[in-house]
Amino acid sequence: MLNRRSLLTCPDPNPYLQINVTNNADLSDDQFVTVNVSGVLLPSDSDWVAMISPSNSDVTTCLENEAYYLQTGDTSSLPLLCHYPVKAKYMSSDPNYVSCKNQECQKYGSDGKCEVTTCSGSISFHVVNIRTDIEFVLFTGGFGTPCILTRTDTPLKFSNPNSPLYGHLSSTDSTGTSMRLTWISGNNEPQQVKYGDGQSETSDVSTFSVDDMCSSVIPSPAKDFGWHDPGYIHTAVMTGLQPSSTFFYKYGSDSVGWSDEIQFRMPPAGGSDEIKFLVFGDMGKAPLDDSAEHYIQPGSISVIKGMIEELENGNVDSIFHIGDISYATGFLVEWEFFFHLINPLASQVSYMTAIGNHERDYTDSGSYYSGPDSGGECGVAYETYFPMPTPAKDKPWYSIEQGSVHFTVISTEHDWTEQSEQFQWMKADMASVDRSKTPWLVFTGHRPMYSTLGADDDFLENVEPILLDNKVDLVLVGHVHNYERTCAVYNSECLAMPTKDENGIDTYDNSNYTAPVQAVVGMAGFSLDKFSNNAASWSLSRVSKFGYVRAHATKNELKLEFVNSDTKDVEDSFRITK
């Protein structure tokens with residue numbers, strides 16, 4: 001800073017300074033890139049490198065951009081540039097950089113002795129195909145007051161920016177005979193999914209633009225600082241499949257290329273005997289390198305790895321991710337890294353979602369809660385990337401039956417009061433369930449009705465009565481970043497308590513129904529919320545560790561286990577029987 005003005009470039013006349021990439025070949029869809037900085041006269045702890053895309057972005061200093069991060073709830077120390085950097089990393093992550101262990105003589109005197117010695121270092125970035133060119137820029141001054149030292153001479157391109165990528169599955173109905181595949185490409189021409197015994201379906205293509213994003217007095221990241229072109233979202237429905245069966249598919253076209261052939265499993269049809277599913281909320285993503293990014297969810301990688309093991313062991317028919325999906329929150333490129341992370345799961349089994357505050361909420365956007373948590377995305381990115389079997393756009397509620405379970409999935413971010421369209425829908429949906437076909441009724445949505453750390457009393461007052469009226473067995477929610485299980489609770493009172501079975505597992509007997517059991521399962525990635533020592537009588541189990549819930553439903557029993565993703569230990573388990 002000089003006379004309170006931002007410096008566009010640092011006052012550094014160093015003629016030796018360079019930044020380059022070890023391999024300047026075009027980038028693949030998924031690789032690590034080594035960035036080399038050399039010719040440094042005075043290496044500093046404040047030197048850092050940003051990965052910028054698009055490569056023509058404005059990367060001068062913008063100190064006011066701290067407000068963009070803060071409005072989404074991310075209070076991390078992050079680079080204050082005029083355009084959000086995809087990744088950033090301090091050069092000090094190379095232990096030889098600041099200590100100048102890697103030296104090079106740049107100028108020799110007439111006596112043959114070195115007169116000018118410079119230092120160098122190397123750092124690595126994980127890169128996935130985001131279609132737009134990338135450059136690397138060297139700054140000093142730290143993240144808070146950065147100024148540019150130098151940048152790569154030529155932007156790096158992806159070898160195929162039109163590649164079909166990040167295919168993920170979702171069920172379209174309760175028959176177990178059709179499955180939707182959604183993927184991303186840089187090309188807007190329809191592509192195909194080829195599957196089964198020579199079957200093929202052509203994709204519908206959509207996208208969204210910066211004009212679709214929301215903003216307010218403080219411009220939203222999605223509308224400004226964090227915008228990144230999402231490419232084109234392709235979706236196609238595979239039909240004529242069989243429940244609980246395995247098939248193969250690949251997607252793309254001859255012009256843009258094809259994905260690898262992928263094996264996937266259909267969920268059981270609604271009304272069949274059993275289903276095994278995983279459920280969690282608030283997962284997000286974390287970098288596979290040690291770079292700084294917006295909104296890092298530290299537990300997400302171990303949770304993903306644990307769930308991949310479950311899938312490989314044959315324990316998964318379906319997955320339910322109930323809100324706070326990627327935490328991109330207006331920094332659109334973060335969606336791509338999230339899809340890369342979940343791809344081993346979401347490409348092989350039905351990956352069903354519910355909308356959360358970090359997908360939908362924004363001031364004056366029509367969301368029930370007025371905070372800026374979506375960073376201006378207002379549900380547009382979420383609903384385009386995750387087309388669920390909903391009534392219409394911006395009505396992200398639906399129900400689906402798999403095995404012996406009827407899942408009612410609501411949006412806690414849209415009006416759920418008694419006169420609202422969503423309230424009338426959920427009331428009619430739950431009343432229509434044939435309990436002889438699907439004996440278990442599971443109600444899901446992002447925000448909790450019961451949490452030791454607090455919940456919305458209005459939500460409880462409006463919605464809890466219809467849960468009791470329709471004999472909901474289990475409520476699964478997120479939003480609070482830990483795990484908590486209740487008694488059979490209504491109006492904050494325990495109407496029934498579980499008993500221990502022969503294995504010491506808490507068992508709720510719903511042959512004499514009293515009230516729903518409720519569980520917060522928001523411990524899948526976001527930094528954990530710690531419990532206080534004070535707990536209400538309805539709170540039976542409280543665990544603040546990263547993990548996921550593994551569920552197995554038959555006609556007579558619904559069993560859930562909270563699995564610690566770091567140790568694979570079962571931290572809590574319970575059964576509901578009929």
Side-chain angles (χ1 to χ4, degrees), residues 8-9 17-38 48-62 65 78-79 81-89 122-139 146 148-166 183-189 207-210 213 221-234 252 255-257 285 287-289 291-294 328 330-340 381:
L8 300 183
T9 56
L17 191 61
Q18 289 187 335
I19 182 172
N20 60 62
V21 175
T22 296
N23 184 352
N24 268 320
D26 288 347
L27 298 166
S28 68
D29 294 336
D30 174 15
Q31 71 176 89
F32 283 82
V33 172
T34 301
V35 178
N36 307 300
V37 173
S38 61
W48 59 282
V49 173
M51 175 177 148
I52 305 295
S53 185
S55 61
N56 60 355
S57 299
D58 184 354
V59 291
T60 52
T61 305
C62 285
N65 279 357
L78 291 163
L81 303 181
C82 294
H83 191 275
Y84 168 60
V86 178
K87 289 173 177 284
K89 186 184 291 193
S122 298
I123 53 178
S124 179
F125 289 89
H126 177 233
V127 181
V128 300
N129 189 344
I130 55 175
R131 298 169 303 281
T132 50
D133 294 355
I134 288 172
E135 71 168 336
F136 293 94
V137 183
L138 176 64
F139 295 86
I148 300 171
L149 288 169
T150 189
R151 60 208 308 166
T152 45
D153 292 333
T154 305
L156 277 73
K157 301 178 182 296
F158 287 97
S159 59
N160 184 7
N162 294 326
S163 282
L165 295 169
Y166 316 130
W183 68 95
I184 304 172
S185 171
N187 187 274
N188 66 348
E189 293 297 319
T207 190
F208 54 93
S209 72
V210 68
M213 303 292 100
K223 198 82 169 177
D224 189 290
F225 167 70
W227 172 255
H228 182 271
D229 191 321
Y232 296 94
I233 295 86
H234 294 252
S255 60
V256 303
K285 52 96 192 89
L288 299 184
D289 51 32
S291 61
E293 297 176 352
H294 164 63
F331 300 83
L332 275 303
V333 75
E334 300 291 349
W335 278 105
E336 318 270 344
F337 286 91
F338 172 76
F339 283 123
H340 175 269

Any side-chain heavy-atom pair from [X] and [Y] closer than 4.5 angstrom?
X: Y232; Y: N162; value: no
X: K89; Y: F125; value: yes
X: V35; Y: M51; value: no
X: V33; Y: L27; value: yes
X: V37; Y: Q18; value: no
X: L81; Y: Y84; value: no
X: V127; Y: F158; value: yes

Take the angle between the ring planes of H126 and F32 and call it parallel below 30°, perpendicular above 60°, tilted in between. tilted

Parallel, tilted or perpendicular: rings of H294 and F331 (30°, 60°):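 Tilted, since the angle between the ring planes falls between 30° and 60°.
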
Taking [X] for its side chain and [Y] for its backbone only, find out whether a donor-acceptor pair lies under 3.5 Å.
X: R131; Y: P230; answer: yes
X: E336; Y: V333; answer: no
X: T152; Y: F136; answer: yes
X: S57; Y: V59; answer: no
X: D29; Y: V128; answer: no
X: N65; Y: F225; answer: no
X: T61; Y: P146; answer: yes
X: T150; Y: L138; answer: no
X: K223; Y: M213; answer: yes

May I ask you to decide whether D26 forms a salt bridge with K157, counting only side-chain N to carboxylate O separations under 4.0 Å? no

When rounded to the nearest 0.5 angstrom, what is the spacing between [atom1] in [X] and [atom2] in [Y]?
X: I52; Y: N56; atom1: CD1; atom2: CG; value: 11.0 Å
X: N23; Y: Q31; atom1: CG; atom2: CD; value: 7.5 Å
X: L332; Y: I130; atom1: CG; atom2: CD1; value: 11.5 Å

Distance flag, aromatic centroids of F139 and W48, threshold under 6.0 Å: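 Distance test on ring centres: under 6.0 Å, yes.
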
Does the side chain of [X] come under 3.5 Å of the side chain of [Y] through a donor N or O and an acceptor N or O?
X: N36; Y: S38; answer: no
X: N187; Y: S185; answer: no
X: T34; Y: S124; answer: no

